[in-house]
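Heads up: the structure comes next, in structure tokens.
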Number of protein chains: 2
Amino acid sequence: MFSVEKSKEIKSMFHDKGFKCTPQRLAVLKVLQDTSAYLSINTIHLKVKEFLPDTGLATVYRSLETLVDLNLVVKVHLEDGCHSYVIAPEGHRHPIVCTDCNKVIEFAEFPLDDLSKQISEDTGVQIKTHFLQLFGKCKECQA
Amino acid sequence: MFSVEKSKEIKSMFHDKGFKCTPQRLAVLKVLQDTSAYLSINTIHLKVKEFLPDTGLATVYRSLETLVDLNLVVKVHLEDGCHSYVIAPEGHRHPIVCTDCNKVIEFAEFPLDDLSKQISEDTGVQIKTHFLQLFGKCKECQA
DNA sequence: AGGTGATGGATAATTGTTTTCAGTAGAAAA
DNA sequence: TTTTCTACTGAAAACAATTATCCATCACCT
Ligand SMILES: [Mn+2]
Ligand SMILES: [Mn+2]
Ligand SMILES: [Zn+2]
Ligand SMILES: [Zn+2]
């Protein structure tokens, strides 16, 4: 179900933060790793139940919280107010969400840190974090 | 309660989209105009009831939806998943949210449009919109 | 002023998320 | 291994946020 290498790597990430490495958490992670789209909680729940049928919905919520804490998963804020989740990109990247097919394409580092510095100077606000998402139409959906 | 000039201007904005200009909608708008912070639905409701005591919570939801539709108000997505609302900035600007006092400071246009173009070329995705919020500590809260 | 349909208020219903709690099973020690 | 200790889980209830329903009313057009 999970590759050995990845499993060991992931396992130590859990342990480093004092979390237990449970099948449910790994299943949630796997479901997100296996898709390039963001997924709603309910979709994740359904997919997790395909290999762990007894998994409860609350566990999916709890697992996602843990995975976000570990920076393995990121929360996507959608226009309508609902939230979804997607596997975290490598390094500091931002998601581009296809509004047609829900696929998430990442884009490479963005000079937001430099600009944050300048905005700090201009406004006097100490910028701590930023939240950026782009929306558009992916290659496939343009055809 | 509302200045005449603004009222007329606003009134025609409602009518242009086929909305009626009601005291409740104007009250919600006024509450947001009178603060520099983003406000939760419940806070808005409380403030609206100060001058329109019978206003129901559902009406606040409905009014906000209308005002967002008219681009007079924007929705702020918060880390914890909750949403709040703030008066829409002039032109295309982005909010900086103070994580200490909830105040919203805007910052001037940001070269996202140019970068969107480049990202479009790099990734093949046709960027349509973006969503950017910065979080930090405002001048006052740093003291 | 009168007619009409959009809107508001009250309330119920839904939906999304969190909490509670008793039982289970990771992980570390023995 | 076996034991021990908790963090974790599933199920259900509780809670919070949002939306739908209903009918009376009000904004606005003529
Ligand atoms: Mn959001
Ligand atoms: Mn912008
Ligand atoms: Zn697409
Ligand atoms: Zn502040």
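Distance A:Leu70 CG to D:dC8 P: 11 Å, rounded to the nearest Å. In this structure, CG of B:Asp54 is placed 13 Å from P of D:dT25, rounded to the nearest angstrom. Between the CD atom of B:Gln24 and the P atom of C:dA10 there is a distance of 11 Å, rounded to whole Å. Protein atom CG of A:Leu57 is 9 Å distant from nucleotide atom P of C:dT17, rounded to whole Å. Between the NZ atom of A:Lys75 and the P atom of C:dG16 there is a distance of 14 Å, rounded to whole Å. In this structure, A:Leu52 places its CG atom 11 Å from P of C:dG26, rounding to the nearest Å. In this structure, OH of B:Tyr61 is placed 20 Å from P of C:dT7, rounded to the nearest angstrom. Across the protein-nucleic acid pair, A:Tyr85 atom OH and C:dT17 atom C1' stand 10 Å apart, rounded to whole Å.
Between B:Asn42 and B:Phe19, the residue anchored nearer the 5' end of DNA chain D, judged by the nucleotide with its closest heavy atom, is B:Asn42. Nucleotides of DNA chain C nearest to B:Ala58 and B:Arg25 differ in position, and the one nearer the 5' end is that of B:Arg25.
A donor-acceptor pair shorter than 3.5 Å can be found between the side chains of B:Thr43 and B:Ser40. Judged purely by distance below 3.5 Å, without hydrogens or angles, the side chains of B:Thr99 and B:Lys137 never pair a donor atom with an acceptor atom.
Residues B:Phe51 and B:Lys30 form a side-chain contact, since some pair of their non-hydrogen atoms from C-beta on lies under 4.5 Å apart.
Here the nucleotide nearest the side chain of B:Arg62, chosen from C:dG26, D:dA27, D:dT21, is D:dT21. Picking from D:dC28, D:dG10, C:dG8 the nucleotide with the shortest atom distance to the side chain of A:Thr59 gives D:dG10. Checked against C:dG8, D:dT9, D:dA27, the side chain of B:Pro23 finds its nearest nucleotide in D:dA27. Closest contact between the side chain of A:His15 and the listed nucleotides C:dT17, C:dA27, C:dT7 involves C:dA27. The side chain of A:Lys20 lies closest to D:dT6, out of D:dG10, D:dT6, C:dG9.
Screening B:Val68, B:Val31, B:Val60 for a side chain to side chain contact (heavy atoms under 4.5 Å, CB included) with B:Tyr85, the sole residue that qualifies is B:Val68.
Between D:dT9 and A:Thr22, a contact under 4.0 Å exists linking OP1 or OP2 to a side-chain N or O.
Here the OG1 atom belonging to B:Thr22 is positioned 6.5 Å from the CG atom belonging to B:Leu26, to the nearest 0.5 angstrom.
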